[in-house]
Amino acid sequence: MIGTIDNLLNFTNDLFQKRELKPIFSQLATTAQYMWERGWAERNAGNFSVNLTSFFTTKELERLTTYPFYPFSGRFPELVGNLFLVSGTGTRMRDIAVNPMDHVCFLYMAEQGDVFHIINNHHEGAPTLPTSELTTHLTIHQRLVRTLSADKVVLHAHVTELIALTQLKAFQSEEAINKLLFGMHPEISLFLPGGVGYIPYTLAGTDQIAIETIKGLASHKAVIWEKHGCISISDSPDDAFDILDIVAKAARIFFLASVYGHSPEGLQPDQIKEIRDHFPGK
Ligand code: 13P
Ligand code: ZN
């Protein structure tokens, strides 16, 4: 029988200890550690979500409706029956690196997609609530589910190099920033051949930033949020981190090469084409 406090606690434990989720928890912990080490995660900066629905049977998912539920201001009808692992609002990446389970929560989407059941690892004390960027995360996941995408991870970080770059007027457009990034680092052509999306400064946590972000992610694996950071999608936390890392490196090369007041030359269009031709399908 389910529904009693003891049964819920046991099931919570089963959920957090599920064997198939261990590699995901492990990758999230290392990703959080790298974000902290890069300086992209001051205080509570950054967040992530993972769609875990495919790891569970319908029977297991049905049990989640016994958990307390929260109404949500957004409505995500295509996510009903989906289960997400989401970083907690206000949590530090450096704490997630040490103990991911205590700083994340599971969300099971129910009713019309405007309610979620929340499952925490805390048996007492304040529950971990989902990131303040939940609207953006769920808007992205809804699009990924709709398009049958293999991408299940959404990662957001305050990538210092990109925040700095988007403080410069010359790079405040998708065209200008991509031209720079492609020119600074060959890996952009290999791993982000479509470049990155770009959103002019928009208030975080709003429907507006969610709408603009999914527009950008329709044709890119990462979208830069002007003067705020970057968000990436991928099939694993490791790969979502790699995307941010490659873009950050291109920006870092620009700043390093500019130190003495010279403008970096950049890879030329024929060199970029040569890279693409030499590594087709990358
Ligand atoms: P949360 O702590 O609510 O996830 O916020 C962090 C952040 O980066 C907001 O943009
Ligand atoms: Zn942020």
Side-chain angles (χ1 to χ4, degrees), residues 35 40-51 69-80 82 84-93 96 103-105 107-116 118 127-147 149 151-169 171-174 177 196-234 240 243-244 247:
M35 282 164 64
W40 301 346
E42 75 285 354
R43 199 174 184 278
N44 63 307
N47 36 66
F48 55 75
S49 58
V50 187
N51 189 336
F69 70 86
Y70 287 74
F72 185 58
S73 56
R75 203 155 186 263
F76 299 92
E78 291 159 80
L79 295 182
V80 174
N82 277 248
F84 297 95
L85 182 68
V86 181
S87 57
T89 187
T91 55
R92 298 182 179 94
M93 286 295 154
I96 293 177
H103 305 286
V104 298
C105 50
L107 303 183
Y108 181 61
M109 305 297 293
E111 300 197 7
Q112 315 302 315
D114 50 356
V115 156
F116 56 77
I118 187 163
T128 303
L129 295 173
T131 170
S132 58
E133 305 282 8
L134 188 61
T135 302
T136 295
H137 283 260
L138 293 180
T139 304
I140 295 169
H141 282 295
Q142 182 159 266
R143 191 183 157 275
L144 295 175
V145 166
R146 186 184 306 147
T147 56
S149 171
D151 292 337
K152 307 222 171 299
V153 178
V154 178
L155 179 66
H156 164 59
H158 291 183
V159 180
T160 320
E161 297 86 339
L162 298 177
I163 299 172
L165 201 56
T166 62
Q167 289 285 347
L168 305 176
K169 274 221 167 306
F171 304 117
Q172 288 172 351
S173 74
E174 191 165 305
I177 208 155
V196 296
Y198 187 89
I199 303 183
Y201 181 79
T202 306
L203 186 62
T206 59
D207 290 353
Q208 187 60 25
I209 202 164
I211 291 164
E212 296 302 325
T213 303
I214 53 158
K215 277 191 214 156
L217 289 174
S219 49
H220 304 100
K221 300 290 275 185
V223 170
I224 294 175
W225 290 355
E226 185 180 292
K227 300 174 189 153
H228 181 147
C230 196
I231 194 158
S232 64
I233 51 170
S234 197
I243 290 170
L244 299 183
V247 181

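One-based numbering along the sequence shown.
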Colleague: CZ of Arg143: more than 12 outside heavy atoms within 6.0 angstrom?
Modeller: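 It does: Arg143 CZ has more than 12 such atoms within range.
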
Colleague: Taking side-chain contact (heavy atoms from CB on, under 4.5 Å) as the criterion, tell me which of Ile163, Ile243, Val159 meets it with Cys230.
Modeller: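 So the option named by the test is Val159.
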
Colleague: At their closest point, which heavy atom of Thr89 faces which heavy atom of Pro130, and how far apart are they?
Modeller: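 For Thr89 versus Pro130, the nearest heavy atoms are CB-O, 3.3 Å.
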
Colleague: Looking at every non-hydrogen atom in both residues, tell me the closest pair between Thr213 and Ile209 and how far apart they are.
Modeller: OG1-O, 2.5 Å

Colleague: Compare all side-chain heavy atoms of Ile211 with those of Thr139 and state whether any distance is below 4.5 angstrom.
Modeller: no

Colleague: Within a strict 4.5 Å, meaning less than it, do heavy atoms of the Asn51 and Leu144 side chains meet?
Modeller: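 Not touching, per the 4.5 Å side-chain cut-off.
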
Colleague: To the nearest 0.5 Å, tell me how far Lys227 NZ sits from Thr202 OG1.
Modeller: 10.5 Å

Colleague: Determine whether Val86 and Leu134 satisfy the following criterion, side-chain contact (heavy atoms from CB on, under 4.5 Å), listing intermediate values before the conclusion.
Modeller: CA-CA 8 Å; Val86 181; Leu134 188 61; 4.2 Å; yes

Colleague: Could you tell me if His103 and Thr91 have a donor-acceptor pair between their side chains, going purely by distance under 3.5 Å?
Modeller: no

Colleague: Please check this pair: side chain of Gln172 against backbone of Thr166, looking for a donor-acceptor N/O pair closer than 3.5 Å.
Modeller: yes

Colleague: Compare every heavy atom of Ala240 with every heavy atom of Ser234, then report the nearest pair and how far apart it is.
Modeller: CB-N, 3.6 Å

Colleague: Supply the atom-to-atom distance Leu79 CG to Gln112 CD, rounded to the nearest 0.5 angstrom.
Modeller: 13.0 Å

Colleague: Considering non-hydrogen atoms only, spot the tightest contact between Thr128 and Gly88 and give its length.
Modeller: CG2-CA, 3.4 Å

Colleague: Go through it in stages, so that I can follow the logic: the residues are Asp151 and Lys221, the test is side-chain contact (heavy atoms from CB on, under 4.5 Å), and I'd like the CA-CA distance, side-chain angles, deciding distance and then a yes or no.
Modeller: CA-CA 10 Å; Asp151 292 337; Lys221 300 290 275 185; 2.7 Å; yes

Colleague: Is the closest side-chain heavy-atom distance between Pro127 and Ile118 below 4.5 Å?
Modeller: no

Colleague: How many angstroms lie between atom CZ of Arg92 and atom OG of Ser87, to the nearest 0.5 angstrom?
Modeller: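 Arg92 atom CZ to Ser87 atom OG measures 14.0 Å (nearest 0.5 Å).
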
Colleague: Do Met35 and Leu244 have side chains that get closer than 4.5 Å, going by heavy atoms?
Modeller: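 Not in contact.
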
Colleague: Between Val154 and Ile231, does a side-chain contact (heavy atoms from CB on, under 4.5 Å) hold up when you go through it step by step?
Modeller: CA-CA 7 Å; Val154 178; Ile231 194 158; 3.8 Å; yes

Colleague: With sequence neighbours excluded, tell me which residues meet ring pair (Phe, Tyr, Trp, His ring centres under 6.0 Å) with Tyr198.
Modeller: none

Colleague: For a quick test of reading the model, state the closest non-hydrogen atom pair linking Gly216 to Val223 and the distance between them.
Modeller: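 Reported closest heavy-atom pair: C-CG2, 3.6 Å.
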
Colleague: How long is the straight-line distance from CG of Leu155 back to CD1 of Ile233, given to the nearest 0.5 Å?
Modeller: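 That separation rounds to 11.5 Å.
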
Colleague: In terms of heavy-atom contacts, does CZ of Phe69 have more than 12 from other residues, nucleotides or ligands at under 6.0 Å?
Modeller: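 Counting neighbours around CZ of Phe69, 12 or fewer heavy atoms of other residues, nucleotides or ligands fall under 6.0 Å, so no.
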
Colleague: Do Thr131 and Phe48 touch side chain to side chain, with heavy atoms closer than 4.5 Å?
Modeller: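 Heavy-atom side-chain distance check fails, nothing below 4.5 Å.
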
Colleague: Provide the closest heavy-atom pair for Ala45 versus Met93 in the form atom of the first, atom of the second, distance.
Modeller: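 Shortest heavy-atom contact: O-CG, 3.7 Å.
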
Colleague: Please, which pairs that meet ring-ring contact (aromatic ring centres under 6.0 Å, His included) have at least one residue in residues 202-232, sequence neighbours excluded?
Modeller: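 Pairs touching residues 202-232 that pass the test: His156-Trp225, His156-His228, His158-His228, Trp225-His228.
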
Colleague: Take Tyr70 and Leu107, measure what side-chain contact (heavy atoms from CB on, under 4.5 Å) needs, and give me the verdict at the end.
Modeller: CA-CA 10 Å; Tyr70 287 74; Leu107 303 183; over 6 Å; no

Colleague: Salt bridge (Lys or Arg N to Asp or Glu O under 4.0 Å) with Glu42: which residues, sequence neighbours excluded?
Modeller: none

Colleague: If I take atom CD from residue Gln142 and atom CD1 from residue Ile140, how far apart are they, to the nearest 0.5 angstrom?
Modeller: 12.0 Å

Colleague: Looking at OG1 of Thr135 and CD of Gln208, how far apart are the two atoms once the value is rounded to the nearest 0.5 Å?
Modeller: 12.5 Å

Colleague: Have Asn82 and His141 got a donor and an acceptor in their side chains that come within less than 3.5 Å?
Modeller: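 No, no side-chain donor-acceptor pair sits under 3.5 Å.
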
